[in-house]
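Below is one structure, written out as structure tokens, with a few remarks after it.
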Amino acid sequence: MTPLSPPRLPASAPLQIAIDGPAGAGKSTVARQVARALGLTYIDTGAMYRALAWVVLARGVAPDDEAAVCRLAQTVAVHLETRGGDTQVYADGQDVTPFIRTPEISNLTSPLSAIPCVRARMVALQQAMAARQGVVMEGRDIGTVVLPDAPIKVFLTASLARRAERRLLELEERGTLRPLDELTREIAARDARDGGRDIAPMRPAPGAVILDSDTLTVGDVVARILQLAREVDPVSPASAARAPQERGV
Ligand code: DC
């Protein structure tokens, strides 16, 4: 193997694909499609941090009371279920999926996710999930911290303007109208916090393939990741089934 060859997957290891990048770059759409094409479990780690933020709000815990947030983070049961491409998020058995995508939760989740005990707990849950099954896991620190040995690491990025436009449309589809300049400011502030924090800052992992969704379509990005998967694992039965599915995206 030359130093430039892609890493190969040991025959028995479940495939791990790590996708990181800023809010609104299209990670979820891409990760879901890749997971479906490869028969892997899609894991949205942002939803886990969001579920914790929802519990913090619901229990009336002050977000800056780090000790109280840590107690909650250590005891809350956060659980993801993916059915037919959709992910349901449960916190202590309650389905919180409809409540965690609001701008209020987005803005609270970012500072909470910078608290070390919160990260320690979420990373442990995420690593346990990846140990049980093959995964496409998306977030901010998947390639750098959660799955540093994943054979496929992608950092998906896009310009702030495009990401804000995407968020505007997503919120509109859910019946929420927000001014574009306000959303742009909020996303820029989240970028700065998620990328500037001391612990597990958002950044491309060493060896990550950097893809820009300003210039690539979703289909292009998915096809590129499926190509990487074939290079890592060219002989598994799943890889033979990949090519026809890839054409559909
Ligand atoms: O991907 P998202 O927008 O749903 O993530 C919500 C917040 O959670 C985001 O501001 C940063 C944080 N997050 C994180 O710190 N680490 C992750 N692996 C995933 C999300």
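Indexing begins at 1, ligand by ligand and atom by atom, following the structure's order. For the single chain, residues carry numbers from 1 onward in sequence order. These numbers were taken from a predicted model, which means no experiment stands behind them.
Every pair passing side chain to side chain donor-acceptor pair (under 3.5 Å) that includes a residue from residues 56-77 is listed here, sequence neighbours excluded: Arg59-Asp92. Within the structure, salt bridge (charged side-chain N to carboxylate O under 4.0 Å, His left out) contacts touching residues 151-161 (residues at least two apart or in different chains) do not occur.
Under a 4.0 Å N-O distance rule, the pair Arg50/Asp44 does not qualify as a salt bridge. Residues Arg167 and Glu170 are paired through a salt bridge, judged by an N-O separation under 4.0 Å between the basic side chain and the carboxylate. Between Arg140 and Asp194 there is a salt bridge, since at least one side-chain N of the basic residue sits less than 4.0 Å from a carboxylate O of the acidic one.
Sorted by chain and number, the heavy-atom contacts of ligand 1 below 4.0 Å come from Thr45, Gly46, Tyr49, Arg50, Arg101, Thr109, Ser110, Ser113, Arg119, Gly139, Arg140, Asp141, Ile142, Arg190, Asp194, Arg197.
Grouping Ile, Leu, Val, Met, Phe, Trp and Tyr residues whose side-chain heavy atoms lie under 4.5 Å apart, directly or via other members, places Ile210 in a hydrophobic cluster with Phe155, Met202.
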